[in-house]
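I have placed the structure first, in the form of structure tokens, so that the comments after it can refer back to it.
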Amino acid sequence: MKQVTTQDNPWSSADVSYYLNCNVCQSDWMVENQSLISRKEKVIATKVWEQWRKIVGELDDLIAPLVDKYFHALSLKTKSAELLELERLGIADCDIRSFRKKRNLGQPISAACSARRNIDWVRQLAVNAGVGDLFEKLETNLLVTEQSRENASQAIRYVRIP
């Protein structure tokens with residue numbers, strides 16, 4: 001069903017919302033962004049997404065101290081020098097102003113970059129730290145889960161509401 005609500009003032013637009021009025025349909029479908037979406041497939045995709053987020057978190061938790069240790073060992077004197085090294089490695093994700101702000105707020109370098117952009121470098125850090133096997137396991141799980149996430153997302157049936 002389509003529900004249209006208009007305001008009493010001339011400058012507001014109408015609010016349009018959709019909902020299912022059938023209990024049988026509600027068990028199989030949900031309304032989202034002007035589309036009917038298969039509830040079962042959406043639940044599966046959400047579970048796979050949560051599993052992917054968990055693995056990303058575990059991988060980031062493993063990588064962060066390795067990155068911080070690497071930069072601590074370099075003992076770079078300025079934030080500009082730190083950012084230049086991040087750029088050299090291809091893992092910088094902000095400009096000097098944003099980087100300085102993050103670092104001045106006490107964020108570690110690992111929180112001010114995207115280390116997984118240079119996966120070969122991170123892999124070498126993990127091997128050097130003696131956690132290469134764990135890193136490889138997490139990376140493999142991440143790749144498998146990314147494919148599952150893509151497949152689950154593509155499997156969701158959408159029916160556009162006219």
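All residue numbers refer to positions in the sequence shown, counting from 1. Only a predicted model underlies this, so the values are computations on that prediction, with no experimental measurement involved.
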Asn118 (side chain) donor-acceptor with Leu89 (main chain) under 3.5 angstrom: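 Looks like yes, one N/O pair under 3.5 Å.
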
| Any donor-acceptor N/O pair, Ser114 side chain to Arg117 backbone, under 3.5 Å |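 No, because the side chain of Ser114 does not come within donor-acceptor range (under 3.5 Å) of the backbone of Arg117.
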
task = Apply side chain to side chain donor-acceptor pair (under 3.5 Å) to Ser153 and list each qualifying residue two or more places apart in sequence or on a separate chain.
result =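 Ser153 satisfies side chain to side chain donor-acceptor pair (under 3.5 Å) with no other residue.
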
Non-neighbouring partners of Gln107 that pass side chain to side chain donor-acceptor pair (under 3.5 Å), sequence neighbours left out: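 Gln107 satisfies side chain to side chain donor-acceptor pair (under 3.5 Å) with no residue once adjacent residues are dropped.
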
Nearest-0.5 Å distance, [atom1] of residue [X] to [atom2] of residue [Y]:
{"X": "Ile119", "Y": "Arg123", "atom1": "CD1", "atom2": "CZ", "answer": "6.0 Å"}
{"X": "Arg100", "Y": "Asp95", "atom1": "CZ", "atom2": "CG", "answer": "10.0 Å"}
{"X": "Ile91", "Y": "Ile63", "atom1": "CD1", "atom2": "CD1", "answer": "10.0 Å"}
{"X": "Ser110", "Y": "Asp61", "atom1": "OG", "atom2": "CG", "answer": "10.0 Å"}
{"X": "Leu83", "Y": "Ile96", "atom1": "CG", "atom2": "CD1", "answer": "4.5 Å"}
{"X": "Glu32", "Y": "Arg39", "atom1": "CD", "atom2": "CZ", "answer": "10.0 Å"}

Practice problem: Show your working on side-chain contact (heavy atoms from CB on, under 4.5 Å) between Val56 and Arg53 and close with a plain yes or no. | Solution: CA-CA 5 Å; Val56 166; Arg53 272 302 317 146; 3.4 Å; yes

Same apolar cluster (I L V M F W Y, side chains within < 4.5 Å links), Val144/Val48: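 Val144 does not cluster with Val48.
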
Query - Transitive ILVMFWY side-chain link Leu134 to Leu125, under 4.5 Å - result: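 Yes, Leu134 and Leu125 fall within the same hydrophobic cluster.
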
(message) Please give the remaining members of the hydrophobic cluster of Ile37, linking ILVMFWY side chains under 4.5 Å, ordered by chain and number.
(response)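 Hydrophobic cluster check, Ile37: joined to Met30, Ile156, Tyr158.
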
Legend entry - Residue pairs, two or more places apart or on separate chains, that pass ring-ring contact (aromatic ring centres under 6.0 Å, His included) and touch residues 23-53: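 Counting only pairs at least two positions apart or across chains, the ring-ring contact (aromatic ring centres under 6.0 Å, His included) contacts touching residues 23-53 are Trp49-Trp52.
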
If a pair satisfies ring-ring contact (aromatic ring centres under 6.0 Å, His included) and one of its residues is in residues 120-153, list it, with sequence neighbours excluded.
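Checked against ring-ring contact (aromatic ring centres under 6.0 Å, His included) - neighbours excluded - the pairs reaching residues 120-153 are Tyr70-Trp121.
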
**Asked** Between Ser148 and Asn151, do the side chains contain an N or O donor and an N or O acceptor separated by less than 3.5 Å?
**Response**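 Checked: Ser148/Asn151 side chains show no N/O donor-acceptor pair below 3.5 Å.
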
Can a donor-acceptor pair be found between the side chains of Asp120 and Gln124 at a distance below 3.5 Å?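 Side-chain D/A pair, Asp120 to Gln124: absent.
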
- Any Arg160 side-chain heavy atom under 4.5 Å of Leu36 side chain: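 Sidechains of Leu36 and Arg160: no contact.
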
A side-chain contact here means heavy atoms from C-beta on lying under 4.5 Å apart; do Asp93 and Lys102 qualify?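 They are in contact (side-chain heavy atoms under 4.5 Å apart), so the answer is yes.
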
Can you see which heavy atom on [X] is nearest to which on [Y], and at what distance?
{"X": "Asp68", "Y": "Ile109", "answer": "OD1-N, 3.5 Å"}
{"X": "Ala45", "Y": "Ala152", "answer": "CA-CB, 3.8 Å"}
{"X": "Leu76", "Y": "Ala81", "answer": "CD1-O, 3.6 Å"}

Would you find more than 12 non-hydrogen atoms of other residues, nucleotides or ligands less than 6.0 Å from [X] atom [atom1]?
{"X": "Asn33", "atom1": "CG", "answer": "no"}
{"X": "Asp133", "atom1": "CG", "answer": "no"}
{"X": "Arg97", "atom1": "CZ", "answer": "no"}

Report task. Could you note down all residue pairs passing salt bridge (Lys or Arg N to Asp or Glu O under 4.0 Å) where residues 80-90 supplies at least one of them, sequence neighbours left out? Result ->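 Salt bridge (Lys or Arg N to Asp or Glu O under 4.0 Å) check on residues 80-90 returns Glu82-Arg103, Glu85-Arg88.
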
request  = State whether Lys54 and Glu58 are salt-bridged, where the test is any N-O pair (Lys NZ or Arg NE/NH1/NH2 against Asp/Glu carboxylate O) under 4.0 Å.
outcome  =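 Yes, Lys54 and Glu58 are salt-bridged.
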
I'd like to know whether Val131 forms a side-chain contact (heavy atoms from CB on, under 4.5 Å) with Leu66, so could you lay out the CA-CA distance, the side-chain angles of the two residues, the decisive distance to 0.1 Å, and finally the verdict. CA-CA 10 Å; Val131 292; Leu66 302 175; 4.3 Å; yes

side-chain contact (heavy atoms from CB on, under 4.5 Å) assessment of Leu20 paired with Gln26: CA-CA 6 Å; Leu20 292 171; Gln26 283 180 350; 3.6 Å; yes

_Evaluation steps, side-chain contact (heavy atoms from CB on, under 4.5 Å), between Asp60 and Arg116_ = CA-CA 8 Å; Asp60 287 345; Arg116 284 188 290 119; 2.9 Å; yes

